[in-house]
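Read through the structure below, which is laid out as structure tokens, and then see the notes.
Chain A is the first sequence line, chain B the second, and so forth, proteins listed ahead of strands; every chain is numbered from 1.
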2 protein chains.
Amino acid sequence: MAGITIVEIAKRCGVGVSTVSRAINDHSDINPETKKRILEVIKETGYVPNNSARNLKRTDAKCIAVLVKGITNPFFTPMIQIAEQEAENRKYALVLRHVEAYEDELDVALELEKEKRLRGIIFMGGSSRHSSSKIKQLNVPVVFATIGSEVSEKLSKKEYSTVSVDDMLESRKMTEYLIGLGHKKIAILSEGSDKPSIVKLRLEGYIEALKANGIEINKNLIRLVDKRIYSMENGYQTTKALIESGEEFSALYCISDVLAVGALRAFADAGIRVPEDVSVAGFDGQDISRFCVPRLTTVRQPLEDISKATMKLLFDIIDGESGHRHIIFPGELIEGESTRKRS
Amino acid sequence: MAGITIVEIAKRCGVGVSTVSRAINDHSDINPETKKRILEVIKETGYVPNNSARNLKRTDAKCIAVLVKGITNPFFTPMIQIAEQEAENRKYALVLRHVEAYEDELDVALELEKEKRLRGIIFMGGSSRHSSSKIKQLNVPVVFATIGSEVSEKLSKKEYSTVSVDDMLESRKMTEYLIGLGHKKIAILSEGSDKPSIVKLRLEGYIEALKANGIEINKNLIRLVDKRIYSMENGYQTTKALIESGEEFSALYCISDVLAVGALRAFADAGIRVPEDVSVAGFDGQDISRFCVPRLTTVRQPLEDISKATMKLLFDIIDGESGHRHIIFPGELIEGESTRKRS
DNA sequence: CTGTTAGCGCGTTCAC
DNA sequence: GTGAACGCGCTAACAG
């Protein structure tokens, strides 16, 4: 039976619907025995309350949402796990929603806020700049995690929060690390889209570092992957093209570890040794960077810290104990086996 | 304003609520001009319809759900992408839900079915055996993708569908491939939980192959990872322990590629060469198997085919054009660089 | 083409 | 402690 409702349960128990409701929702003012009886019938019947109806009525749902752009991205997994844990600790429900590439994360948020009566929203991934009007429409606090503080130029920074690393700075540090190893011809694998994004900042950091060290920018060494920055295939193909172009370089910096893994493979195929012939660096500090051969030199983002801080900040804002803030965590440059001094 | 509803829009436009509803839902019988006016006001206002209320009313929502157990698992990503595409082709909405480790996927399904008025459900991952009563409570067709046909012994196979590879057979094939290379002391990394699961079948296939070839089972060579089968760390640690145990073996078969990547790293750390000193094989045929160094010998699951067949089957059942079926796809043994003849 | 109205299933007042 | 009645926001009949 599809149509079994609370009314049916009430009938079978010979009680009113409100009593059943009380039983379901763990209200205090109900006779323990009646409650027990009702719960039994519910179990027998296999009755499941309709969430749509509940959400429609409920006013005090302790619920927050995490919107993740790019399901392809294993990067957020650890962050999500922590978020779920923290939410549980606070007795909050957490709805997790993947935002498709073609969807606007803010539109999704708007819908979800109405549907689930959210108290707060966390964004992971996605564009780093949004229309200020939409973000204002959200009536609940918003925190962007791992998305830098350039969310919207037009919007006061007091209207949303961010928790992230300073992508440009960290990227600059990595580039300077390579320069410090004696590399001057440093190629980079970055993103090709024209949208403002976090990875664009990494490219900028690279450019800044070169300029600051008096190294001329060679456009032939800046390689943009087609679309997905978290695709080994893209890293592989782009690196292969770079190699075949004949352009000289002694180091390759990939703005994600996943791209770097593809690059490693491309070098192996070409008989180019890493790090003897060329140094390779990644970014993110994902699991794979510790397990690939050779281990990747990379910038580790402290995802646990970021995620915990995000949750704490969100709850603080919800509880009125804080205004919006912009927290920046330092990245950690991890020296793997994929880079070495230029010989 | 949180509380802006369809009534408010109707008032502002000087029309009835149903007209607004018609405008929103693209009904045909509405004056284009009124519609245009209404949509404008909606845009100005930033009005967003409440999905809970919609779902409550709607009866014909063309909507299916995909429930994925184990958010940690990148394995399903390509399958999900295809599913979304196919759903869109059919003008179906697709809700994607991640099922947490502690949740029962069938409970989640039950809830979701009521909440969203689903027409069908697809399960990916999770337990391979379910209570027959719960599965019967689902009033819509159910297809298990990549979960073999042992879903429930008590339940008639006519009550649900499955689309998958034959995990036991494929696993046996891989093991026999290794045996064919001259390996006799073949270690395996498998799962430790006691729940029936797909990966258990892979272990069984391994055992069968050994028996069929007159090789005695050495329990010291059967290593069970703690929990997550898709964790490089687990693969690394378990392999490390295996190496340190001093037990002799010339090949290691990991029941997932991700475990195998961890294993590769462990061998590298121990100065053991792959495949010169030891052969390593994986299972699944995930991206990483093509990009790691050395490339993994693995069994590729035809995820695209499985996903497409799953969708087609589900829609056929929904449309009454098919009963429940159990489709098995062959896996493809891919020879990488990680295995070779025992010297 | 459009407005009015009746529920969808439930949580929540209120009386009792 | 419990039940009756109301309404959450919306869609789908039904009239016009």
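Considering only side-chain N and O atoms, B/H27 lies nowhere under 4.0 angstrom from the phosphate OP1 or OP2 of C/dT2. Between A/N25 and C/dG11 there is a side-chain polar atom (N or O) within less than 4.0 angstrom of OP1 or OP2. For the pair B/T19 and C/dG3, the criterion of a side-chain N or O lying under 4.0 Å from OP1 or OP2 is met. Distances shorter than 4.0 Å separate none of the side-chain N or O atoms of B/R54 from OP1 or OP2 on D/dC10. When the side-chain nitrogen and oxygen atoms of A/S21 are compared with OP1 and OP2 of C/dG11, one or more of them lie within a distance under 4.0 Å.
Closest contact between the side chain of A/V17 and the listed nucleotides D/dA5, C/dG9, C/dC1 involves D/dA5. Of the candidates D/dC10, D/dG3, C/dG9, D/dC10 carries the atom nearest the B/P49 side chain, counting heavy atoms from C-beta on. Closest to the B/I30 side chain, of the nucleotides C/dT2, D/dT2, D/dC10, is C/dT2. The A/R22 side chain lies nearest to D/dG3 when the options are D/dG3, C/dG9, D/dT11.
Between B/N55 atom CG and C/dG9 atom C1' there is a gap of 12 Å when expressed in whole angstrom units. The distance between atom CD1 of B/I38 and atom C1' of C/dC1, rounded to the nearest whole Å, is 12 Å. As a whole-Å value, the separation of A/N51 CG from C/dG9 P is 14 Å. Residue A/K57 contributes atom NZ, which lies 11 Å from atom C1' of C/dG9 at whole-angstrom precision. Between A/R37 atom CZ and D/dT2 atom C1' there is a gap of 12 Å when expressed in whole angstrom units. Rounded to whole angstrom, the span from the NZ atom of A/K11 across to the P atom of D/dG3 amounts to 15 Å. The separation between A/I6 atom CD1 and D/dA5 atom C1' is 14 Å, rounded to whole Å. If you measure from atom CD1 of B/I9 to atom C1' of C/dG3, you get 17 Å, rounded to the nearest angstrom.
Of all the heavy atoms in A/F315 and A/E86, the pair that sits closest is CE1-O, 4.2 Å.
Along DNA chain C, the nucleotide closest to A/V7 and the one closest to B/S28 are compared, and the more 5′ of them pairs with B/S28.
One finds no salt bridge joining A/E113 and A/K134 here, because no Lys/Arg side-chain nitrogen approaches an Asp/Glu carboxylate oxygen to under 4.0 Å.
The side-chain hydrogen bond (donor to acceptor under 3.5 Å, both in side chains) test with A/S161 singles out one residue from A/H324, A/H326, A/R325, and that residue is A/H324.
No side-chain heavy atom of A/N89 sits under 4.5 Å from any side-chain heavy atom of A/M311. B/I24 places a side-chain heavy atom less than 4.5 Å from the side chain of B/Y47. Using a 4.5 Å cut-off on side-chain heavy atoms (C-beta onward), A/I135 and A/F123 make no contact.
Between the side chain of A/T34 and the base of D/dT2 there is no donor-acceptor pair of N/O atoms closer than 3.5 Å.
Residue contacts shown for B/S52 are absent, as no nucleic acid heavy atom lies under 4.0 Å away. Contact annotation for A/D29: base contact, defined as any heavy-atom pair under 4.0 Å involving a base atom.
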